[in-house]
Structures are given as C-alpha cells and as structure tokens.
Amino acid sequence: MTDTRFDPSNADGRWQRAWDEAGTFTADSNSDKPKSYILEMFPYPSGRIHMGHVRNYTMGDVLARYKKMRGHEVLHPMGWDAFGMPAENAAMEKKVHPGAWTRSNIEGMKAQLKRIGFALDWTREFATCDPDYYGHEQALFLDMYEAGLVYRRQSEVNWDPVDMTVLANEQVIDGKGWRSGAEVEKRKLDQWFFKITEFAEDLLEGLDALEDWPDKVRLMQENWIGKSSGLEFSFALSNGEKLPVYTTRPDTIFGASFCAIAADHPIAQALAANPEVGAFIDECKKGGTTAAELETADKLGFDTGITAKHPFTGAPLPVFIANFVLMDYGTGAVMGVPGHDQRDFEFATKYKLPITRVVAKDASEADAPMGDEAEAGDGVIVNSDFLDGKSVEEAKADVIARAEAGGWGEGTTVWRLRDWGISRQRYWGTPIPIIHSPDHGPVPVPRDQLPVELPEDIDFDQPGNPLERHPTWKHTTCPITGKPAVRETDTLDTFVNSSWYFLRFASQPADAPFDPEEIAKWMPVQHYIGGIEHAILHLLYSRFWTRALAHIGKLDVNEPFAALFTQGMVTHETYALGDGSWLSPDEVRKDGADWIAIEDGAPVTAGRVVKMSKSKKNVVDPDAIIADYGADAVRWFMLSDSPPERDLPWSASGIEGCGRFVQRLWRLFQQFDPAATGEDKPLARKAHQAIVAVAEDIEALGFNKAVARIYELTGATEKAAPSESRNFAIQTLMYLSSPMMPHLAEEAWSVAGNDGLIADAPWPEHDPALLVEDEVTIAIQHKGKLRDTLTAPKGASKEDLEALALASEKVQRSLDGAEIRKVVVVPDRLVNIVT
RNA sequence: GCGGGUGUGGCGGAAUGGUAGACGCCGGGGACUUAAAAUCCCCUGAGCUUUGCUCGUGCGGGUUCGAGUCCCGCCACCCGCACCA
C-alpha cells in the first residue's frame with residue numbers, strides 16, 4: 001500500500017521521461033506489424049498551446065495508444081506549421097526576428113505538449129521554416145513547374161497601400177486593410193498559380209471513395225469545386241462582334257428576352273469611353289459583397305443599344321451591362337430568361353422586358369400567366385417551336401445537339417473552382433525558387449542551388465516585402481546566360497507548406513522530399529483529426545498536392561487521408577461588464593445567483609458559451625490546469641461528456657470532477673488484493689463486457705461513451721467484495737484507462753510490481769462466454785405502456801414469458817379483467833399485452 | 001436564396017423500432033470529523049388525490065402491439081456557400 005493520493009506533479013514528468021528514454025513511441029517503418037498512421041493537424045506556433053490543441057491531440061493520442069495496444073506499429077508524429085503572418089506582425093510590433101520569435105514559440109509549445117504526455121514520435125519533428133523542409137518543397141515546386149502544373153499570370157489582388165502588401169480576401173474588412181485601416185486597392189500583379197483546376201474532375205470524383213470522411217466536408221468540397229454543365233454559344237451582335245454566353249438551361253432558350261454582360265466584360269470596357277457607360281461601370285463596382293448587401297442590392301442595368309440575334313428566332317435581344325453578372329464565371333455574359341431565373345426575372349421586371357413562359361406543368365398550361373417570381377422547377381417545354389412537349393432534360397440535349405451540329409455552340413462543363421494563387425509578397429514563407437532572367441524570363445533555380453534560403457539580416461522598419469528591398473539577396477545571375485538577374489521575391493502561400501507535411505513525417509531522407517517506398521508503408525493517414533475550419537482549403541490543397549505528385553510519378557497514393565474526423569471546439573461561458581468589456585474566468589466569481597468582478601464587485605453578465613478566444617477573454621490556460629490537476633485530469637476532461645464532433649463546454653466543476661476521478665481510480669488500483677479468492681461472476685461479466693465496449697467506442701471515436709463505460713465499471717468494482725474477479729476488474733480498468741490517463745496507469749502498473757511500461761502492454765483479452773448474460777430483465781407492457789419488469793433466464797420461451805407476464809400482480813391490476821386480444825413477445829426483451 | 005446539421009432533465013449528454021434520461025456535472029439530505037478538506041451512502045424529469053397514477057425527447061399529424069428512433073408537414077437555432085447564369 002502506498003500513498004493514498006496520486007501525485008501528478010511527481011508522476012507525470014517521471015513517466016514522460018521514461019517514454020522518451022525507452023523510445024516507446026518511435027515508429028519503426030521496418031516493423032512487420034500492421035501499420036497505423038495517426039495524425040492531427042499540426043499547430044501554428046503562435047505562442048501557447050490552447051485547449052483546442054489539447055482536445056485535438058488528446059483524441060489522436062488515445063487512438064495512437066490504443067492501436068499500439070492492439071499490436072499495431074503506430075506513426076504519430078508532430079511538427080510545426082511555422083511560416084505565416086503572425087511572425088511578421090510580431091517582428092514589426094516587438095522588433096524581433098520572425099525566425100527567432102517562431103523558434104522560441106516552438107520551444108515553449110513543445111514543452112507544453114510534453115507535459116500533457118502525448119505519445120508522439122518526436123524523432124520525426126520538423127518545422128516548415130527549416131530550410132531543410134522548405135528546400136525540398138522548392139524542389140517539389142520545380143517538379144510541378146516542369147510538369148506544367150505551375151504558371152504565372154497577371155491577376156487582380158487586394159493591395160494595402162500603407163503596408164504595401166497583398167491581402168487575402170479575409171483580411172479586407174469593409175474595404176479596408178485589417179491592420180492598416182487603409183482603403184484597399186485592386187491591383188494587377190504577376191502571380192504564380194497552381195493548376196488545381198486541371199484536377200477538378202479528379203478531386204470531385206475522388207470524394208465518392210472517401211467514405212470515412214464526414215458527409216458535410218465532402219459536400220462542402222463538392223460545392224466548392226462546383227461542377228455545372230450546360231451550353232456555351234455565341235450570339236451575333238448588331239455591331240458585328242460575337243457574344244459568347246454560358247447557360248445551364250439551354251432548354252429555355254426561346255424564353256430569352258435580353259442579354260447581360262459583366263461591367264468588366266471587354267464589350268463593356270470598349271464602351272467605357274462614353275461617360276455615361278463609364279459612370280455606370282463605376283457604380284457597379286461600388287456594390288458591397290456582404291450577404292445583406294447582395295440580398296437587398298437592386299438589379300442595375302445599362303442598355304448598350306447593341307442587340308444580339310437569337311440563334312433560332314433571329315429576334316434582336318437588347319444587350320445590357322448588368323451589375324449581377326460576374327466576369328470570372330462562365331463567359332462573363334448571360335442570356336436572360338426571366339420566366340425561369342429569379343435574377344433575370346427581377347431584372348426584366350425592373351426594365352420592363354418581356355417575361356415569357358417556356359416551361360409549364362403540362363402542355364395545357366402553356367398560356368398560364370407567370371406569378372411574381374421565376375419558375376425554376378421541372379416541367380414540359382412550351383412556346384418553344386420544335387422543343388414544345390419535350391421534358392427539360394430532352395430539350396437541353398436537343399438544343400446542345402443542334403448548336404453543335406450548326407457549329408454555333410457546344411455542350412461544356414464549367415467549374416467554380418479557380419486556380420490556386422500562391423504568390424505572397426511577404427518575407428516569412430518559402431522563397432519561390434525562380435530567377436527572372438532579362439533574356440529568358442522566369443527560369444527555375446538549378447537544383448544544386450536549393451534550398452533558396454531566406455536572408456537572416458532583414459528589417460521590418462518599413463512596410464512592404466523585406467525581400468524586395470534587401471540590398472543583396474535578390475541579386476543573382478541567370479542560370480542560362482550567367483548575366484545578372486533577380487530572384488523572385490514573392491514567397492509561397494503557407495497552405496503549400498501544409499499540403500505535403502504528412503508525407504515528410506512518413507519519410508524524411510536527406511536528399512529528397514520523401515522516399516515513395518517508405519511512404520507506401522504508412523500512407524494514407526488512417527485517422528486525420530482537426531478542425532472543420534480546414535474543410536475546404538487545407539484539405540482540398542492536400543488532396544490536390546497528393547494527386548499532382550502521383551500524377552507526375554513521385555507517389556503511388558492518390559488520397560492522403562483515408563479517414564477524416566473534425567472535432568468540435570472547446571467553449572467557455574463569457575463574462576462582460578456593463579460597458580461591454582470582457583473579463584476572464586479568473587477575474588469573476590459567483591455571488592449567490594449572480595456573477596461579480598473579483599476586483600471591485602461590479603456586476604458581471606454571464607453571456608453565451610462560445611469558442612475560447614483571446615478577444616472574449618474566455619480562455620483557460622492548459623498549463624495552469626495541468627499544474628493544478630495533472631495531465632490525466634485534463635485529458636480525461638477533453639474526452640468526457642460531449643461527443644468529440646460537438647463543442648465541449650469547459651467548466652471549473654467539470655475539471656474538478658475529473659481530478660476526483662483520477663484519485664478515485666488510484667484508490668481502487670491500490671485495492672488489488674493478491675490474497676483474494678473466489679469468483680464474482682456478475683463483476684467478471686461487466687469487466688469483459690467493458691473490454692469489448694471500450695474498444696468499440698474508441699475505434700468509433702466515441703470517446704465520451706468509452707469514458708462512461710469506464711465510470712460504470714469503476715462504480716461496480718468499488719462496490720464489489722474482494723475476489724479474483726475483482727482483481728481482474730481492477731487490472732482491466734488499468735488497461736482500459738491507460739490510453740486516456742497514461743501517467744496514472746503507468747504509476748499504478750509500476751506500483752503493482754509489473755515490469756516495463758503499460759504503454760507497451762497489449763489490450764486485454766475478453767472471454768466471449770462471459771459477454772452473454774444468463775439472466776435478463778423483461779419489460780412487461782400493457783398497450784405499450786410499462787407496467788412491470790421481471791427477471792427471466794436468458795432464452796426463455798415465448799410461452800414462459802407470456803405466462804410470467806400474466807402472473808404479475810401489477811399487470812393483472814392494469815388489465816382489470818379486459819379481454820386480451822394479442823400478446824407480443826420479444827424474447828429476452830419484453831412482453832406487450834394488447835387488450 | 002441554396003446546401004448541410006442540431007433540437008432529449010438545471011447543464012453536458014446515453015439509448016440495434018422494445019423499460020427514455022446510462023455516465024458525468026450541478027443541487028439536496030445524511031455518515032465520518034472538535035471542525036474543515038477528502039471520502040462514503042441516499043435522493044435528484046414534471047405533476048398528482050403518492051402501496052400508485054398521469055404527463056414527458058422542439059411543434060402538428062401518420063405508420064406500428066410499441067416511435068427519441070421510421071414517414072409527412074412545420075418551427076427554432078447553428079454552420080457552409082452565395083447575384084455561379
């Protein structure tokens with residue numbers, strides 16, 4: 001018997017060192033065990049580990065430890081998504097080098113992760129800002145460049161004239177730069193792009209096979225890729241030009257009453273010299289893009305005076321410049337069919353254009369008047385010459401066929417997906433390995449000159465890209481001519497860094513990004529866990545990179561992540577003072593039913609339970625909690641109660657409960673009694689059932705259910721008298737809880753006199769014979785309502801159960817002599833008497 | 001607007017069409033203690049005329065011997081996309 005309290009401040013660090021020294025979680029790619037690659041989205045080293053990280057990594061950790069117990073060779077690595085803007089912002093604000101800031105954050109966060117006791121293979125750790133990593137990334141960029149998957153073109157960007165940098169759309173708030181507050185300008189810059197659109201079809205079709213991805217994420221990607229099919233054809237214009245348009249509804253072509261083109265369409269631009277047209281185009285560009293603005297924005301049009309000749313009727317259709325037509329989708333021009341498209345309907349109503357019905361419920365309703373909105377539904381074609389009587393689908397096919405036969409149009413597929421712009425005018429990223437030669441234009445940096453390293457001696461005294469104004473860095477020579485040339489000063493979007501890091505974890509040779517044979521041993525990732533916020537960008541880019549690398553023969557894997565799990569957020573109640581300012585949880589206390597500020601007793605309003613965030617101050621620091629309760633209590637909290645895909649509300653009482661449970665288990669573990677004899681069959685049964693149930697729950701990532709099972713077995717074991725069965729239950733609890741509370745389990749295992757580590761122990765075997773109950777509780781219903789329950793031997797016959805049910809006093813009272821019409825007996829379950 | 005999800009006690013949540021509320025938190029009562037902490041035991045969906053009965057899984061219908069679960073129609077909230085032709 002040892003101390004009756006488990007002391008995490010002593011035990012946690014001891015076991016963390018023991019795992020480190022034994023290399024317990026180092027993955028051996030040469031092992032002949034079945035392999036499991038378990039990965040959580042690697043963190044950005046922003047400074048501190050937060051509860052969201054803890055929850056994310058605890059889930060992966062339980063899986064990794066469980067798989068190991070199940071005899072798998074597990075790869076569970078960790079690294080750092082280390083390039084990005086916060087480091088540059090820190091450099092500007094705190095006058096520290098982005099690299100130094102990042103490195104110091106990594107050091108701190110790694111120590112934090114170690115204190116939580118994660119079963120990570122630290123031998124494979126890297127940061128994406130290591131020249132070794134980004135050098136290989138540059139090599140892969142060149143591979144893709146040579147394969148024609150990278151190109152350069154002029155593109156419009158959000159330019160912040162004060163910070164002198166490009167902003168992502170997300171960084172433009174109400175038309176102003178999020179940092180500088182300056183009015184953002186549209187600028188055309190030469191930008192590098194990945195040809196992700198070349199893989200659009202592939203990326204879309206691949207989604208079908210990702211059965212272990214959430215449907216939600218698959219749908220979001222499907223919508224993002226946005227495949228649509230229809231007809232692209234040209235109108236002959238009265239000015240002699242052609243106007244190509246795209247429509248998904250060629251069946252409604254006889255309902256076209258106008259054409260509309262985008263404000264930046266070439267035809268509109270050509271007319272812009274006319275001051276009226278110019279003014280209208282400016283007006284169009286002013287419109288906001290927020291949901292509310294779009295919802296209420298009026299359809300605006302400007303009649304160009306040009307007409308378009310209808311391909312079948314020859315009728316002249318007016319051509320408008322319109323604010324609702326987008327230049328970068330389809331051809332930037334549409335045929336307006338007001339009867340069957342809501343936007344066209346609104347536009348036609350406003351400009352008094354004809355609204356013709358060309359689809360009706362059936363042929364007899366061809367002349368039914370249109371209502372106050374467009375009818376986009378299915379039906380039969382009417383008022384459409386040769387299409388009359390056809391279904392929508394037939395008519396689409398017919399029109400496309402005639403257009404193709406007549407040579408004035410063809411059936412096409414249009415995608416919403418755009419190519420991926422990867423140029424960033426920033427310092428802290430992977431330098432794009434290109435040299436701009438005066439004679440040969442952009443030329444790849446020769447492979448033997450990789451990595452192109454970032455210069456260390458930079459300053460952030462002025463806005464703009466420090467690489468651009470560095471005195472020497474960009475000056476080099478053309479690899480072809482040897483004459484002076486300049487380096488590309490843009491760096492790669494940080495999403496490129498995270499598009500292949502999972503490959504580098506699986507294999508990290510010195511002279512190549514990865515070794516395909518090693519990759520084949522581990523990939524695809526069996527469980528990828530992270531936040532839903534990456535549903536599109538990161539997950540789509542990673543799928544694209546994996547496919548692109550497979551396409552150019554570097555890999556044999558198409559899909560990087562076999563199963564994806566998106567975990568919920570860690571939330572916390574918010575606390576606000578009367579003036580709307582936020583207080584942190586440790587600045588408030590409960591005073592009766594109300595909350596008050598500890599400092600001055602001011603009344604505090606407890607608000608909504610929302611994601612922990614610095615701005616709302618509703619954060620709880622993992623370190624402080626670990627110091628108070630130990631790592632296992634925090635891990636247990638992260639797994640308890642809420643299903644992992646839902647949000648987890650943090651609470652002080654919740655973590656206290658977890659801390660209590662750690663001690664409760666510890667006390668129980670001390671009660672292993674070598675002298676105890678005898679069998680306790682019900683308890684043995686519960687233990688064996690728990691072995692199976694907890695395993696099933698973990699495999700289904702139902703951690704909250706696994707936790708509940710462990711609570712149940714704990715309660716039953718505590719109540720039982722000493723016996724061999726009870727000892728077995730205690731040992732079982734040690735094993736079952738070890739993936740979740742590894743420090744406690746190691747300590748108890750060691751105190752019990754076992755050699756080695758429980759982390760290396762196998763998952764306990766269960767006895768199938770003990771999974772089956774020999775007595776069951778039968779529910780007795782009368783007309784579907786519960787009247788009584790009784791215990792019967794398992795497998796009792798229907799007749800016996802019926803007789804037992806009718807013998808029940810409660811049942812007889814409920815029946816009250818009524819005539820029995822029917823008795824439903826579900827063996828081992830219930831008897832329902834119908835009167 | 002389009003697409004998706006969620007809705008069960010004071011709270012987080014369990015529940016192959018078969019005893020709704022497992023398990024945890026909060027709360028109440030008790031034991032131990034000089035006292036506290038810790039620990040242990042009991043109670044804890046609502047209501048009622050309380051050996052028991054009635055109601056109860058967002059709302060309204062339906063299928064079924066039996067519905068939180070299946071079907072139809074609504075409501076609320078959350079998330080994603082959005083003038084995508």
Side-chain angles (χ1 to χ4, degrees), chain A residues 4-5 214-224 226 228 230-231 245-249 252 260 262 287 289-291 293-295 297-299 322-326 328-337 340-344 346-347 373 376 414-416 532-533 535-536 571 609 636-637 640-643 645-658 660-661 663-664 667 702 704-715 718-719 777-790 809-810 813-814 821-826 828-835:
Chain A
T4 51
R5 278 194 73 78
D215 289 344
K216 181 190 173 80
V217 175
R218 290 200 286 179
L219 237 128
M220 282 166 74
Q221 291 212 354
E222 189 181 321
N223 292 337
W224 187 263
S228 89
L231 171 69
V245 300
Y246 170 74
T247 177
T248 56
R249 293 296 303 273
T252 62
T289 51
T290 65
E293 283 171 312
L294 290 178
E295 200 68 33
D298 249 355
K299 299 283 176 287
N323 64 344
F324 67 91
V325 181
L326 306 174
D328 62 357
Y329 185 81
T331 61
V334 299
M335 68 169 190
V337 184
H340 306 282
D341 179 282
Q342 186 56 27
R343 289 157 313 172
D344 297 346
E346 288 167 28
F347 189 83
E373 57 182 20
V414 168
W415 304 86
R416 208 187 81 95
I532 185 75
E533 67 274 19
I536 294 171
T571 59
V609 178
W636 190 249
F637 186 105
S640 302
D641 294 351
S642 289
E645 68 277 10
R646 286 205 216 163
D647 289 351
L648 173 67
W650 179 268
S651 71
S653 53
I655 184 65
E656 273 165 32
C658 293
R660 274 199 300 273
F661 184 64
Q663 299 301 337
R664 195 174 144 200
R667 285 192 301 275
N704 57 322
K705 292 187 228 170
V707 161
R709 302 271 187 197
I710 289 172
Y711 272 117
E712 274 186 274
L713 182 57
T714 302
E718 283 170 338
K719 287 185 178 69
T777 305
I778 306 288
I780 313 298
Q781 297 178 337
H782 174 211
K783 290 197 287 190
K785 283 188 179 164
L786 184 72
R787 294 297 156 183
D788 199 2
T789 59
L790 54 87
E809 195 188 318
K810 289 178 183 172
R813 201 173 331 122
S814 174
R821 300 213 321 259
K822 188 175 176 184
V823 179
V824 179
V825 182
V826 182
D828 297 335
R829 274 285 182 185
L830 63 66
V831 179
N832 187 10
I833 300 160
V834 187
T835 56

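So that the names make sense, note that chain A is the first sequence line, chain B the second, and so on, each numbered from 1.
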A.B. asks: If we take the P atom in both B:C42 and B:G56, what is their distance in whole Å?
C.D. replies: 31 Å
A.B. asks: Let me know, please, whether A:Ala708 or A:Phe324 comes out on the 5' side of the other along RNA chain B by nearest nucleotide.
C.D. replies: A:Ala708
A.B. asks: Just compare B:C23, B:G52, B:G3 and give me whichever is closest to any side-chain atom of A:Arg813.
C.D. replies: B:G52
A.B. asks: Let me know the distance between CG of A:Asp328 and P of B:A82, rounded to the nearest Å.
C.D. replies: 11 Å
A.B. asks: Can you tell me, in whole Å, how much space there is between the P of B:U69 and that of B:U57?
C.D. replies: 9 Å
A.B. asks: Select base, sugar-phosphate, or nothing to describe what A:Val414 touches, counting heavy atoms under 4.0 Å on all strands.
C.D. replies: nothing
A.B. asks: Distance between the C1' atoms of B:G30 and B:C23, in whole angstroms?
C.D. replies: 24 Å
A.B. asks: Taking atom C1' of B:C84 as reference, at what distance in whole Å does atom CD of A:Gln342 sit?
C.D. replies: 16 Å
A.B. asks: Starting from P on B:A67, measure out to NZ on A:Lys785 and report it in whole angstrom.
C.D. replies: 10 Å
A.B. asks: To the nearest angstrom, how far is A:Arg667 atom CZ from B:C40 atom P?
C.D. replies: 5 Å
A.B. asks: Can you tell me how far P in B:A15 sits from the matching atom in B:G68, rounded to whole Å?
C.D. replies: 15 Å
A.B. asks: Given B:A85, B:C23, B:G4, which nucleotide is nearest the side-chain atoms of A:Tyr246?
C.D. replies: B:A85
A.B. asks: Distance between the C1' atoms of B:G45 and B:G28, in whole angstroms?
C.D. replies: 16 Å
A.B. asks: Within the structure, does a side-chain N or O atom of A:Arg787 lie under 4.0 Å from either OP1 or OP2 of B:U54?
C.D. replies: yes
A.B. asks: In whole angstrom, what separates A:Glu373's CD from B:C83's C1'?
C.D. replies: 16 Å
A.B. asks: Is A:Lys822 close enough to B:C65 that one of its side-chain N or O atoms is under 4.0 Å from OP1 or OP2 there?
C.D. replies: yes
A.B. asks: Return the minimal non-hydrogen interatomic distance between A:Arg416 and A:Tyr329, and the atom names on each side.
C.D. replies: CA-CE1, 4.2 Å
A.B. asks: Testing the 3.5 Å rule here: is there a donor-acceptor pair between the side chains of A:Ser814 and A:His782?
C.D. replies: yes
A.B. asks: So which atom in A:Ala262 and which in A:Leu326 form the shortest heavy-atom distance, rounded to 0.1 Å?
C.D. replies: CB-C, 3.9 Å
A.B. asks: Would you say that A:Arg813 contacts A:Lys810 through its side chain, given a criterion of any heavy-atom pair below 4.5 Å between the two side chains?
C.D. replies: yes
A.B. asks: Partner lookup for B:U63, please. Criteria are Watson-Crick or G-U wobble with both distances under 3.5 angstrom; report none if nothing qualifies.
C.D. replies: none
A.B. asks: Ignoring hydrogens and angles, answer whether the base of B:C65 and the side-chain atoms of A:Lys783 contain a donor-acceptor pair closer than 3.5 Å.
C.D. replies: no
A.B. asks: Can you tell me the base-pairing partner of B:G7? Count Watson-Crick or G-U wobble geometry only, both distances below 3.5 Å, and say none if there is no partner.
C.D. replies: B:C75
A.B. asks: Could you tell me whether the side chain of A:Ser642 and the main chain of A:Asp647 form a donor-acceptor pair under 3.5 Å?
C.D. replies: yes
A.B. asks: According to ring pair (Phe, Tyr, Trp, His ring centres under 6.0 Å), who are the partners of A:Phe637, at least two apart in sequence or on a separate chain?
C.D. replies: A:Trp650
A.B. asks: Between B:G12 and B:C78, how far apart are the two P atoms, rounded to whole Å?
C.D. replies: 16 Å
A.B. asks: Between B:C81, B:C84, B:C41, which one does the side chain of A:Leu326 approach most closely?
C.D. replies: B:C84
A.B. asks: Can you tell me the Watson-Crick or wobble partner of B:A22, both distances under 3.5 angstrom?
C.D. replies: none
A.B. asks: Round to the nearest Å and state the distance from A:Trp636 atom CH2 to B:C25 atom P.
C.D. replies: 11 Å
A.B. asks: With RNA chain B as reference, determine whether A:Ser653 or A:Glu712 sits nearer its 5' end, using the nearest nucleotide of each.
C.D. replies: A:Glu712
A.B. asks: As a test of the definition: with a 90° window around 0 for syn, would you call B:G62 syn or anti?
C.D. replies: anti
A.B. asks: Students often get this wrong, so: under 4.0 angstrom with heavy atoms, is A:Arg821 touching a base, only sugar-phosphate, or nothing?
C.D. replies: nothing
A.B. asks: Expressed as a whole number of angstroms, how long is the span from A:Gln221:CD to B:C81:C1'?
C.D. replies: 14 Å
A.B. asks: Determine which nucleotide pairs with B:G47, using a 3.5 Å limit on both distances of a Watson-Crick or G-U wobble pair.
C.D. replies: B:C53
A.B. asks: Applying the Watson-Crick and G-U wobble criteria at under 3.5 Å, what pairs with B:G1? Answer none if nothing qualifies.
C.D. replies: B:C81
A.B. asks: Can you tell me how far P in B:G3 sits from the matching atom in B:C74, rounded to whole Å?
C.D. replies: 14 Å
A.B. asks: Does a donor on one side chain and an acceptor on the other come within less than 3.5 Å for A:Ser228 and A:Tyr246?
C.D. replies: yes
A.B. asks: Please confirm whether the shortest side-chain N or O distance from A:Tyr329 to OP1 or OP2 of B:A85 is below 4.0 Å.
C.D. replies: yes
A.B. asks: Applying the Watson-Crick and G-U wobble criteria at under 3.5 Å, what pairs with B:U39? Answer none if nothing qualifies.
C.D. replies: B:A31
A.B. asks: Classify every nucleotide of nucleotides 9-19 of chain B by which part a protein heavy atom approaches to under 4.0 Å, writing B for the base, S for the sugar-phosphate alone and - for neither, in 5'-to-3' order.
C.D. replies: ---BSSSB-BB
A.B. asks: Are the side chain of A:Arg787 and the backbone N or O of A:Gln781 linked by a donor-acceptor pair below 3.5 Å?
C.D. replies: no
A.B. asks: Please determine whether side-chain contact (heavy atoms from CB on, under 4.5 Å) holds for the pair A:Asn323 and A:Phe347, giving the CA-CA distance in whole Å, both sets of side-chain angles, and the decisive distance to 0.1 Å.
C.D. replies: CA-CA 10 Å; A:Asn323 64 344; A:Phe347 189 83; 5.7 Å; no
A.B. asks: Measure from CG on A:Asp344 to C1' on B:G1 and round the result to the nearest Å.
C.D. replies: 15 Å
A.B. asks: Think A:Arg664 has a side-chain N or O under 4.0 angstrom from the OP1 or OP2 of B:A38?
C.D. replies: no
A.B. asks: Would you say A:Ile778 and A:Leu790 make side-chain contact, with heavy atoms under 4.5 Å?
C.D. replies: yes
A.B. asks: In whole Å, measure the gap between the C1' atoms of B:G9 and B:G62 for me.
C.D. replies: 28 Å
A.B. asks: Which nucleotide sits closest to the side chain of A:Met220: B:G52, B:C65, B:G80?
C.D. replies: B:G80
